[in-house]
Amino acid sequence: MKKFPYKQVHLDFHTWGQIPGVGKNFSKENFQNALREAGLDSITVFAKCHMGYCYYPSKYGKMHPNLDFDLTKAMVEAAQEIGVRAPVYITAAINEENAAEHPEWHAKRKIDGDSRWSEFTLLCLNNDAWAQHIFRLTEEVCQKFKKLDGLFFDIVLVDKACYCDTCKAGMAKMGLDYTKEEDAQAYYTLKRKEFLNKCRSILKRYHPEATIFFNSGGAAWDRPEYHEYSTHFEMEDLPTSWGGYDRLPMRAKFFAKSGKPYLAMTGKFHLNWGEFGGYKHPDAIKYEISSMALYGAGCSVGDHMHPDGVMDLATYRNIGEAYRYLEQIAPYCYGGEPTARLGLYPYADKIDTQGLANLLLSSQIEFEIADRDFSEFDLIVVPDGAKVSEDTSKRLNDFVAGGGKLLFFASSLLKGSNFLVDAGAKYLGEPDFDCDFIRTVAKVSELPDAPLLCYYCGHRIEATDGKVLTNRITSYFRKSDKVFCDYRHIPYDKEKEMGVAAVQKGNIIYSCHPLGSIYGQYGSLYHRHYFLYLLNTLGYTPAFEVKGLGSAGRSTMIEQPEQNRYCLNMVYGIPTNHGKAEVIEDLFPIYNVEITLHVSKDIKRAYLPLTGETLTITKSADGQSVTVPKLQCHASVVFEY
């Protein structure tokens with residue numbers, strides 16, 4: 001992170017062709033003043049937008065009809081003159097001008113309910129004619145600048161297969177059947193990789209040190225096959241509108257393992273991109289920037305320049321306020337090793353994985369992604385849907401044999417009808433009801449002494465030599481069009497013999513319910529207590545515990561061995577839902593947050609680096625504890641050893 005910029009703005013400019021006077025009021029002085037006001041070290045500027053227009057004289061693209069000078073060059077030179085990087089933006093799969101002229105270039109994806117692109121016509125990057133157009137523009141931009149800091153390709157779309165005539169013909173030529181989803185996806189992946197590699201090779205030919213990133217899937221943690229083509233990752237989330245505040249942590253933790261720089265991207269807008277006159281409050285930007293730094297991510301704030309080319313200084317004052325705070329906390333957020341001892345296995349059901357991440361985040365339990373080296377963890381949690389290779393199965397069994405703890409759920413770690421690890425249970429089959437209920441065998445103070453509804457039904461198991469922790473109770477019958485009650489769910493049948501819901505054998509616990517999906521979709525506090533009950537039964541001890549931060553708080557800790565210290569960071573803010581927007585509106589202070597470290601190092605000094613206040617350390621058999629008297633938005637705590 002020291003060499004890569006971490007205070008960035010992503011500047012959009014998608015400008016309709018009938019808007020007059022494009023760029024007429026642009027001035028180098030105004031542009032540079034905005035960059036200085038925000039304290040930026042990088043700003044992504046535009047060469048080609050969604051409308052299909054270029055913002056420089058182009059031999060291959062159409063320059064915006066109401067622009068009469070080279071705006072792209074003016075921005076790049078103005079930024080570089082004051083020491084700010086200026087990567088250049090190119091839209092790939094959207095071009096409204098060309099879409100109208102070339103219907104044969106249109107992509108045809110299966111209807112998937114994704115409304116993000118409903119306003120635009122997607123073009124197929126597997127079509128050679130359209131791909132060549134992007135390649136020519138890429139080379140033109142590369143030749144245009146003696147120094148090009150980087151390229152940012154947007155709308156690359158690495159997710160859904162395409163069924164246009166070009167793709168169908170290409171699949172047939174390779175002996176693939178477009179009616180088979182796996183064939184269509186394999187072809188799409190192959191062609192997309194070819195496109196990414198070609199763009200990268202063009203850039204490197206002219207500017208070998210420049211950065212490159214492919215957006216709209218390039219920072220998807222579940223698409224690792226595309227990650228090699230980007231020099232870094234920019235995780236685009238607009239939490240107020242379509243990302244949510246809990247999407248970032250898991251993605252950041254995943255890309256922290258990549259060995260490449262990674263940025264988190266939000267927007268200055270109240271809601272969504274291109275919202276002129278919509279402002280996020282400076283407190284909210286500060287909260288989001290602090291959260292990004294909390295997870296070791298660089299920071300990027302999205303903006304959209306007005307068509308006349310004037311930078312809105314009010315926007316950059318708001319951003320600057322947050323970035324000045326970031327400069328203060330950066331030494332305690334970047335450049336350390338995570339201390340988490342719990343690993344979350346990521347290659348599984350996305351909803352369930354995110355739900356388990358939310359369970360951990362809300363419980364102040366730090367975690368990292370466990371996708372390669374299991375030896376660094378004490379406990380690994382495997383979400384529903386994880387289908388692992390023989391090698392991964394062996395590594396998990398070796399991990400448990402070496403004393404590691406394992407918690408897995410629902411359909412994970414199954415091969416046919418057999419578990420890949422010995423949890424003391426036999427798998428009997430898939431869920432047989434719409435929903436069911438659980439009840440712990442032992443009384444748990446945080447759980448009701450009665451059946452607890454599970455909104456997703458559990459898989460059917462029976463205990464062999466494992467200890468039953470939780471019983472499974474089913475309904476009177478399965479709900480259907482002809483069989484129903486005047487309730488959301490059919491009541492549980494008290495007379496039926498109870499089944500098994502969770503079982504433990506040694507260091508392994510298996511729970512038959514997709515608990516991440518249940519919590520992620522319905523968010524019951526009791527399901528979080530149930531999850532914590534399973535963790536506590538395994539005897540898991542984290543590197544640190546935080547009390548008094550609340551479920552809305554977030555906390556992480558890194559070790560910086562060169563400075564002989566741990567740095568713990570916390571943020572606290574409660575997103576409020578206002579119709580379409582989830583916003584950080586009030587940053588109330590909280591008091592007397594207790595932190596207990598469970599580390600081998602003897603802590604000699606604890607203090608708040610931003611105020612210099614020393615904290616009293618209390619040492620006991622339970623750990624080394626301090627109390628932070630007040631936290632508002634964010635706090636860094638340093639523990640020296």
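Keep in mind that the numbers below use all heavy atoms, side chains included, and drop hydrogens, waters and symmetry copies.
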For this session: For atom OH of Tyr178, decide whether the heavy atoms of other residues, nucleotides or ligands shown that lie under 6.0 angstrom number more than 12.
Result: no
Exercise. Asp378 and Lys405: salt bridge (Lys or Arg N to Asp or Glu O under 4.0 Å), yes or no, with the steps?
Worked result: CA-CA 6 Å; Asp378 295 342; Lys405 305 175 190 296; over 6 Å; no
Problem set entry | With sequence neighbours excluded, residues passing salt bridge (Lys or Arg N to Asp or Glu O under 4.0 Å) with Asp371 | none
Exercise. Crowded around Glu430 CD? As in, over 12 foreign heavy atoms under 6.0 Å?
Worked result: no
For this session: If the plane angle is over 60° it's perpendicular, under 30° parallel, otherwise tilted; pick one for Phe4 and His232.
Result: tilted
For this session: For the pair Asp436 (side chain) and Cys457 (backbone), establish whether a donor and an acceptor sit closer than 3.5 Å, ignoring hydrogens and angles.
Result: no
For this session: Please confirm whether the backbone N or O of Phe233 pairs with a side-chain atom of Ser230, one donor and one acceptor, at under 3.5 Å?
Result: no
Problem set entry | Six-ring centre of Phe255, Arg251 cation under 6.0 angstrom, axis tolerance 45° | no
Problem set entry | Residues forming a salt bridge (Lys or Arg N to Asp or Glu O under 4.0 Å) with Arg247, sequence neighbours excluded | Asp237
Problem set entry | Side-chain donor or acceptor of Lys260 paired with backbone N/O of His227 under 3.5 Å | yes
Exercise. Partners of Lys193 by salt bridge (Lys or Arg N to Asp or Glu O under 4.0 Å), sequence neighbours excluded?
Worked result: none
Problem set entry | Parallel, tilted or perpendicular, as decided by the 30° and 60° cut-offs, for the rings of Tyr455 and Tyr522 | parallel
